[in-house]
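Here's the structure we're looking at; comments come further down.
This is a predicted model, so every value here is computed, not measured.
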Amino acid sequence: DTEVTQTPKHLVMGMTNKKSLKCEQHMGHRAMYWYKQKAKKPPELMFVYSYEKLSINESVPSRFSPECPNSSLLNLHLHALQPEDSALYLCASSQYSGGDTGELFFGEGSRLTVL
Amino acid sequence: GDSVTQMEGPVTLSEEAFLTINCTYTATGYPSLFWYVQYPGEGLQLLLKATKADDKGSNKGFEATYRKETTSFHLEKGSVQVSDSAVYFCALSDLGGSTLTFGKGTMLLVSP
């Protein structure tokens, strides 16, 4: 099984809502990532979890709150978002983190629209 | 810091044409190099990779050779298909870093 599964595929929320994006992998990978991708742009790294601990936070606003409940799951909690946060949110995993990361496996993404 | 530069798109080709998408990189160490592809409405998929100088990555008719002397990893395909229409990202992973550095992406449009 070489899949990274993300839910939901589409999410529409208001600026006062609280919602969560979920990501799951069963490849035994010990590093998981959240990326944000705007249209016609490359993915931008948001967070990295290594062995279930947050290792990188790329100065992401606190309205985005990541959580790694176990080695297979990664959540991104959303609260009080702004319309400019509308984007495709990609989850990825890799066997290791730090040093040569090697190949990242990406999910299909959650397309978020903030009204 | 590390960086990846790839040619601006879109690249527009007719079916069965030859494809080259240029990619050059700057890195302090000896990076691994990747091409990822993103089809419309989907996430990124690894297309091919090379982990050391002179390695050639290949997959689905696409090829790229790790050229240390020119710090390049150009993507080529001899005969493109309409189904190859997508955005292609060149990326590197360096021993000094913790994740991938992406280029800006090149959109490929193939017409019948």
Heavy-atom count check: over 12 atoms from other residues, nucleotides or ligands less than 6.0 Å from [X] [atom1]?
X      : atom1 : answer
E8(B)  : CD    : no
K38(A) : NZ    : yes
E16(B) : CD    : no

For residues [X] and [Y]: do they belong to one hydrophobic cluster (side chain heavy atoms under 4.5 Å, members Ile, Leu, Val, Met, Phe, Trp, Tyr)?
X       : Y       : result
F105(A) : Y88(B)  : no
F62(B)  : W35(B)  : yes
L48(B)  : F89(B)  : no
Y25(B)  : L100(B) : no

What residues of residues 104-112 of chain B make heavy-atom contacts with chain A at a cutoff under 4.5 angstrom?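 So far as heavy atoms go, K104(B) are the residues that approach chain A to under 4.5 Å.
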
Least distance between heavy atoms, F102(B) atom then P42(A) atom: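 Looking at all heavy atoms of both residues, the closest pair is CB-CB, 4.0 Å.
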
Taking all non-hydrogen atoms of both residues into account, name the closest pair between L88(A) and E42(B) and its distance.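 That closest heavy-atom pairing would be CD2-O, 4.2 Å.
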
E108(A) and Y39(B), any side-chain heavy atoms less than 4.5 Å apart: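 No; the side chains remain at least 4.5 Å from each other.
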
Taking Y36(B) for the side chain and F106(A) for the main chain, is one N or O donor matched with an acceptor at less than 3.5 Å?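 No; zero donor-acceptor contacts below 3.5 Å.
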
Which answer fits Q38(B), side chain, backbone, both or neither, if we ask what part of it has an atom under 4.5 Å from a heavy atom of chain A?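 Contact with chain A: side chain only.
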
Contact part of L44(B) toward chain A, heavy-atom cut-off under 4.5 Å: side chain, backbone, both or neither?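 L44(B) touches chain A through backbone and side-chain heavy atoms alike.
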
Largest heavy-atom contact set with chain B, pairs under 4.5 Å, which of K40(A), Q37(A), K9(A):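 Most heavy-atom pairs within the cutoff with chain B belong to Q37(A).
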
